[in-house]
A.B. asks: 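Take this structure first; my questions come after.
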Amino acid sequence: MPAATVLPPSSGRDRLILGVVFLLSGASALLFETLWLHLAGLVFGVSVYASALVLSSFMGGLALGNALISRFGRDVLDPVRFYAAMELLVGVWGLLLVLCFPMLSVWLGAMLSPALGKPFLLNTLRFSFSFLLFLLPATAMGATLPLLVKALTRRPGEFGRVLGRLYGVNTLGACLGALAGETLLIAPLGLSGTGMVATGLNVLAAAGALGVARHFREEPAREASADRPAVRPLTGRAKRLLAAGFLAGGAFLALEVVWTRFLQLFVRSTSLAFAVMLAVILAGIGLGGMFAGWWLRREADGRRVTAPLVLLVGAAALLSFRLFESAADLSFSVYQTLDWRYVTALSLALMFPAAFVSGMVFTTLGEAFHREVGDRARSAGLVAMANTLGAMAGPLVAGFILIPAVGMELSLFILCALYILPALLCAGRVEPWPSPRTSPFLLASGAAFVLFLAIFPFGAMRGYLNRACADFIKGGETVVATIEGVTGTLQYLRQDYLGEPYAYRLVTDGYSMSSTDRSAKRYMKFFGYFPEATLQNPKTALLICFGTGSTASALVEDRRLTSIDVVDISRDVLRGANIVYPKPERNPLEDPRVASHVEDGRFYLLATPKKYDIITAEPPPPMMAGVVNLYSREYFQLMRDRLNDGGMVTYWLPVFEISPADAKAILKAFADVFEHTSLWTGDNFNWMMVGVKKPKGPKPAANFSKPWEAPDTGPGLRHIAVENPGQLGALFMLDGKALADYLGDAKPLTDNYPKRLRGYPESPQVQQQYLAAHNKLLDALASKERFEHSAEAALLLPQEIREKADGWFETQQIMNTYLNNMLTPPPPLPAVNYVLSGTDLRVLPLWLMKSDAKKQAIVARVLEHGMEPTAETEFQLGIKALADRDYLLADAKLKHAQEMGYPSNLAPARVYVLCMAGQLSEAEDLAGKAFQTAKASAGARRYMEWLAQTFGFKSPF
């Protein structure tokens, strides 16, 4: 027999130092993991496939580190010193990755470019490159736990306690790292500064480890190495335990995917929300591991308790979902909440119990495995490797197979039921392995597991999905399709009018992402119409983010375009076009000039060699998780690089949920890239940034009006209330010196400083303050003065059109004021009078009177098909007659609508219509009957005074 290895004594202080060291290591690891995956997304894309492959490559490195130590760990005689070297390797290489990833992006983009459009080859290259980049630091990270377990396990029976303590401390460190990076570090220090902090933590950990390393050095065995016993092959029981670890790790990480998708129905998808969710899971796992280590110290045998604990993970997950609404005190008044405290409550109710027990399972299973294997490093390394490989596979199975195939609810049930397999692998008929006849704990946990499976609330998910859309359903919309897809949960809602489809809405993970209603269609189609109208002869166009297809429809209406690329990260969103456009001839993706690409828009710009005349994009709002880098200076530079000379970028600036400072950071980033930048209004607080690369000057005035004369774009422009070429100029807001003055000393949003966006408003009151500040910039009369001296307008609009535009700013002011969907507008009839009296517009009067071209078309169609007139159809016909300046017909129709029971009082409108028709005496009689002096409101009195001033009307007051 070889002589036993001599283990020098170590004090409690030494062990405490290593515990603190591993806490710092966990915090650093999570910081680096967050930074690496974020930066890798900027290079390889953040499509679900790219993200999964990059994460898998990282996890593969961790598993490799576990495996290497399990194989060679017994030859490491100075494990703490070796551990310190691993920490330094993580810190140095990790910081190099953080600093070098931005510089690698162009090179990697060129390397991946030939594979664009070849998914298998592209994803293989993504995995290969990311695996090589992460190989050293991830492998070093994977080696750390087995090394310290070997160092701290000094006596028989200590393995489980040490494993649980180290695993728990390291995971709690990761929890602190997740929160610190999101809330404290990235905003002031940027990504590179945060990487330096992570490196500093690694250096501190290494220094602390080196300070006590001599107390954990092992003396070599005296026998020659040839006499050392060979590594024993794993027993069948040991292999079953590794399989159990793989299945338990995979099932839990798959559950994490389902939980996160589910919580997104109630929680706004911000980076803070995801950090809180992750922190709750890590805290549960860490505390569970530490508790299990304490429990095993009390003579508990991991072989006896692992099987029942595995069943308790599934039971806890089942019970948490069953009791979720009451346990979390779920209130749908805070639907899509931004409150981190509420996010924490939801996460604790749904995920913490199972996470806590899962942390216990890893520890007890490791202890049971060690009793089979004996070698400290080998035991810890193999158990960690099995768990990590399961963690690689679980999210892929959940995200790519289970949820798309059977939905979140059934996926949750299947994954919980799956825990029966690792439980069976950890059970046995012979003591100390538990069986239902010999283990009351297993019998009780099995009974709870079966009970909670039996009472699983099938059908509850449909209620949650409907309640996530409750605000829209109350408004008369109905859910027509639910797609629980790879990238998210999509719900398509339809609003009908007189029994026909009127508008569609796309709700993604509980957030209204896009719509075809009047307001949304105006600014979305404008992003396509504006470059089509102002550029001389555009041929190629790129649209990033499809949504509900309004911008794509505007692009395909221009027959001059010969090639249109549409890029969206979600295949399900592109397929959803068939829901919004059931007639193929209306579906923009069916146009033969359109090529659709399922890809991350930023990666597409990085990898494609193509150049375009038009690039336009409406990504999700910038504060949503993973979206901020679609508003950064580096991203806008990619767009400029893909423009032809004379080409134009039109880009969405949604200011309705961001502060003026955030809007300036985005606009500053855009202006830093485009030397020719201007800001235009689309619809209220949906603004449009315009950037032109080497402009060629305005096209001839004779050609400028052709889009309004074309058979496709002409009706489209009129339907969004841009009925006259001059109205285009009245959408102008800022450029040149005025833009520079507005931006002031604002710092641009960059990839390195994503937290220059401060986030969503803290309360509705704060949001109203933001809107009031933004609304000052919507003053069209002030914009008119800036427009007269605008250099960018002179490059885009010919002189004749600019002169005509001067007369349309007052009308634009009416649109900004009276059609504001976020600030309370004043009564519309004075605005209607201005439009009817001073312009020839037909669409704007309809909008001001709660109508539009789509409603008018539906009314005409249903009446033509034999529908009996109703109060609604009569009202709409009256409004159409008003817009056509046929005032007597308008009064007749409105009167008939009122007699048929129209729900609103139409007397004020009829009084005005009679005044416009010159029927003052009839108007005065009607006013006298409708407005009794004793009951008249202050608003009615002001309205009568306005009529008196405008028409010489004799007020009844």
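Since we're looking at a predicted model, the values are computed, not measured.
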A.B. asks: Any non-hydrogen side-chain atom of Arg505 less than 4.5 Å from a side-chain atom of Glu477?
C.D. replies: yes
A.B. asks: Check whether NZ of the Lys or CZ of the Arg Lys855 lies under 6.0 Å from the centre of the six-membered ring of Tyr502 and within 45 degrees of that ring's axis.
C.D. replies: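 Geometry flag: set, cation within 6.0 Å and 45°.
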A.B. asks: Check for me whether Arg268 meets the cation-pi criterion with Tyr511, that is, NZ or CZ under 6.0 Å from the six-membered ring centre and within 45 degrees of the ring axis.
C.D. replies: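 No.
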A.B. asks: Relative to the ring of Tyr635, is the ring of Tyr651 parallel (under 30°), tilted (30 to 60°) or perpendicular (over 60°)?
C.D. replies: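 If you compare the ring of Tyr651 with that of Tyr635, the planes turn out perpendicular.
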A.B. asks: Measure the shortest side-chain to side-chain distance between Thr677 and Val690 over non-hydrogen atoms and say whether it is less than 4.5 angstrom.
C.D. replies: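 SC-SC contact between Thr677 and Val690 ruled out.
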A.B. asks: Hey, does Arg756 have a side-chain heavy atom less than 4.5 Å from the side chain of Lys668?
C.D. replies: no
A.B. asks: Heavy atoms, side chains only, cut-off 4.5 Å: are Glu325 and Arg467 in contact?
C.D. replies: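 Yes, at least one pair of side-chain atoms sits under 4.5 Å.
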A.B. asks: With sequence neighbours left out, write down each residue that passes side chain to side chain contact (heavy atoms under 4.5 Å, CB included) with Ala746, or none if nothing qualifies.
C.D. replies: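 Checked Ala746 against side chain to side chain contact (heavy atoms under 4.5 Å, CB included); matches are Lys664.
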A.B. asks: Checking side-chain polar atoms at under 3.5 Å, does Gln765 have a donor or acceptor matched by the opposite partner on Ser763?
C.D. replies: yes
A.B. asks: Would you say Glu762 has more than 12 foreign heavy atoms packed within less than 6.0 Å of its CD?
C.D. replies: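 No - once you tally the heavy atoms of other residues, nucleotides and ligands closer than 6.0 Å, there are 12 at most.
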A.B. asks: Inspect the contact between Arg341 and Asp339 and indicate whether a charged nitrogen and a carboxylate oxygen are less than 4.0 angstrom apart.
C.D. replies: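 So Asp339 pairs with Arg341 through a salt bridge.
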A.B. asks: Under a 3.5 Å cutoff, is there a donor and acceptor pairing between the side chains of Asp852 and His719?
C.D. replies: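 There is no such pair (donor and acceptor under 3.5 Å, judged by atom type) between the side chains of Asp852 and His719.
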A.B. asks: Pairing donors with acceptors under 3.5 angstrom, does anything connect the side chains of Thr548 and Thr516?
C.D. replies: no
A.B. asks: Report yes if some heavy atom in the side chain of Ser632 is under 4.5 Å from a heavy atom in the side chain of Asn629; otherwise report no.
C.D. replies: yes
A.B. asks: Which class fits the ring pair Tyr464 and Phe266: parallel under 30°, tilted 30 to 60°, perpendicular over 60°?
C.D. replies: perpendicular
A.B. asks: Please check if the number of heavy atoms outside Trp340 that lie under 6.0 Å from its CH2 is greater than 12.
C.D. replies: no
A.B. asks: Can Asp672 and Arg633 be counted as an ion pair, charged N to O under 4.0 angstrom?
C.D. replies: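 Here Asp672 pairs with Arg633 in a salt bridge, since their nearest N and O are under 4.0 Å apart.
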A.B. asks: Could you check whether any side-chain heavy atom of Ser514 comes within less than 4.5 Å of a side-chain heavy atom of Met524, counting everything from C-beta outward?
C.D. replies: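 Sidechains of Met524 and Ser514: in contact.
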A.B. asks: Angle class for the Phe32/Trp36 ring planes (parallel below 30°, perpendicular above 60°, tilted otherwise)?
C.D. replies: parallel
A.B. asks: Using a strict 4.0 Å threshold on nitrogen-to-oxygen distance, state whether Glu810 and Lys784 make a salt bridge.
C.D. replies: yes
A.B. asks: For Asp568, what residues pass the side chain to side chain donor-acceptor pair (under 3.5 Å) criterion, not counting sequence neighbours?
C.D. replies: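 Testing Asp568 for side chain to side chain donor-acceptor pair (under 3.5 Å), a comparison that skips the adjacent residues, returns none.
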A.B. asks: Is the Phe732 ring parallel, tilted or perpendicular to the Trp680 ring (thresholds 30°, 60°)?
C.D. replies: perpendicular
A.B. asks: For the residue pair Arg786 / Ser783, report whether a side-chain donor-acceptor contact shorter than 3.5 Å exists.
C.D. replies: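 Checked: Ser783/Arg786 side chains pair up, N/O donor to acceptor below 3.5 Å.
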A.B. asks: Does the side chain of Ser269 come under 3.5 Å of the side chain of Gln264 through a donor N or O and an acceptor N or O?
C.D. replies: yes
A.B. asks: Is the shortest distance from a Lys or Arg side-chain nitrogen in Lys737 or Asp741 to a carboxylate oxygen in the other one below 4.0 Å?
C.D. replies: yes
A.B. asks: How about Phe787 and Phe809: are their ring centroids closer than 6.0 Å?
C.D. replies: yes
A.B. asks: Are Phe262 and Phe321 close enough that their ring centers fall under 6.0 Å?
C.D. replies: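 Yes, the ring centres sit under 6.0 Å apart.
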A.B. asks: Closer than 4.0 angstrom, basic N to acidic O: yes or no for Arg602 and Asp751?
C.D. replies: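 Result for this pair is yes, salt bridge flagged.
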